[in-house]
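Each ligand, and each atom within it, is numbered from 1 in the order the structure gives.
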Amino acid sequence: MNIRKNIITVAIDSPAAAGAGTQAKLISQYYNLMYLDTGKIYRLIGKLILKSKKKLTYKIIKKKIDKIKIKDLNSKSLLDDDVALSASKIAKNKKIRQFVKNFQKKCAYDPPLKYAGSVLDGRDITSVIMRQAMFKFYITANIKVRAERRFRELRKLKKKITLLDVEKSLKKRDYLDKNREHSPLKKTKDSILINTSKLSKKASFKKIKTIMDKKLKKIHGSI
Ligand code: C5P
């Protein structure tokens with residue numbers, strides 16, 4: 001794989017609905033970085049398995065994965081809660097994780113030239129996919145805040161679900177994601193913790209920007 005030199009690389013891990021996607025988007029816009037929401041890849045596979053009438057072989061799944069384009073990840077149907085849970089279930093599979101690794105690494109280390117670098121968010125970005133990232137963040141928030149946020153998002157999309165069901169589903173996914181054998185969600189020692197429970201989007205981004213600008217200034221002299 002080609003590795004572009006002197007690019008800004010940002011790795012983010014977080015439990016679901018902690019605000020990582022929002023912050024990753026803000027980072028990508030401000031620093032002109034390619035953004036990849038890696039959860040969408042697992043959601044795409046989760047949806048494929050959920051909707052398939054017959055049992056899918058690894059060969060078929062790999063073929064689908066090899067054809068994934070960034071625009072496939074924008075489908076609103078990937079936001080459904082049953083798709084999220086299906087994603088969490090298949091994400092523990094080592095072989096499937098291996099299939100999606102190259103796609104993520106290519107986005108991380110060889111983004112299109114129009115970008116100054118990349119920002120990826122997910123569960124194993126700081127620990128597996130972008131171990132050498134220039135910046136590593138672990139973004140979290142308490143479960144009540146996360147459930148409220150996800151509930152509001154799903155309501156906006158007219159999805160029929162109660163706040164209690166959203167909380168239950170998040171807890172279930174937290175458990176699956178943190179306790180699986182391969183690539184469990186964890187805060188690596190070199191990741192900076194950002195707790196967004198009491199922070200607005202703007203305040204969270206300000207905190208991240210301050211950290212990033214300080215290091216970039218050290219590296220480049222100025223930004
Ligand atoms: O981030 P999002 O909630 O969309 O992710 C859906 C599911 O995909 C997660 O609950 C997790 O099980 C899985 N995932 C993963 N590794 C990633 C990103 C997502 O296992 N890097």
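- Of the charged side-chain nitrogens involved, at least one lies within less than 4.0 Å of a carboxylate oxygen, so that Lys171 and Glu167 count as a salt-bridged pair.
- Atoms of ligand 1 found under 4.0 Å from any heavy atom of Thr38, numbered from 1 in the order shown, are 17 (C), 18 (C), 21 (N).
- Contact annotation: Arg97 has at least one heavy atom less than 4.0 Å from an atom of ligand 1.
- Remark: ligand 1 atoms within the under-4.0 Å shell around heavy atoms of Asp177 are 9 (C), 10 (O), 11 (C), 12 (O).
- Using modelled atom types and a 3.5 Å distance limit, the side chains of Tyr31 and Asp213 yield a donor-acceptor pair.
- Inclusion of Tyr42 in the set of residues having an N or O under 3.5 Å from an N or O of ligand 1 is not warranted.
- With 3.5 Å as the limit, one finds no donor-acceptor pair spanning the side chains of Asp124 and Ser127.
- Between Asp174 and Arg146, at least one side-chain nitrogen of the basic residue sits less than 4.0 Å from a carboxylate oxygen of the acidic one, meeting the salt-bridge criterion.
- For Asp121, no nitrogen or oxygen atom sits less than 3.5 Å from a nitrogen or oxygen atom of ligand 1, counting backbone and side chain alike.
- Close N/O approach between Asp37 and ligand 1 is not found [any backbone or side-chain N/O within under 3.5 Å].
- The structure places CD1 of Ile8 at 11.5 Å from NZ of Lys215, a figure rounded to the nearest 0.5 Å.
- For the pair Asp124 and ligand 1, the shortest N or O to N or O distance falls below 3.5 Å.
- If you check each of Arg150, Lys101, Lys40, Arg123 against atom 2 (P) of ligand 1, the one with the closest non-hydrogen atom is Arg123.
- Atoms of ligand 1 found under 4.0 Å from any heavy atom of Gly122, numbered from 1 in the order shown, are 17 (C), 18 (C), 21 (N).
- Residue contacts with ligand 1, taken as heavy atom pairs separated by less than 4.0 Å, involve Arg180 solely via side-chain atoms from C-beta onward.
- Against a heavy-atom cut-off of under 4.0 Å, Arg173 is close to the following atoms of ligand 1: 2 (P), 3 (O), 5 (O), 6 (C), 7 (C), 9 (C), 10 (O).
- Classification of Arg4 and Asp110 as a salt-bridged pair fails, no side-chain N sitting under 4.0 Å from a carboxylate O.
- At most 12 heavy atoms of other shown residues, nucleotides or ligands fall within 6.0 angstrom of atom NZ in Lys201.
- Atom 13 (C) of ligand 1 has as its closest protein heavy atom Ala91 CB, 3.7 Å.
- Tyr58 carries Lys95 over the face of its six-membered ring, with the cationic atom under 6.0 Å from the centre and within 45° of the normal.
- Here the options are Asp13, Asp190, Asp121, the test is side chain to side chain donor-acceptor pair (under 3.5 Å), and the partner is Thr126; only Asp13 passes.
- Listed by number with element, the atoms of ligand 1 under 4.0 angstrom from any heavy atom of Arg43 are 2 (P), 3 (O), 4 (O), 6 (C).
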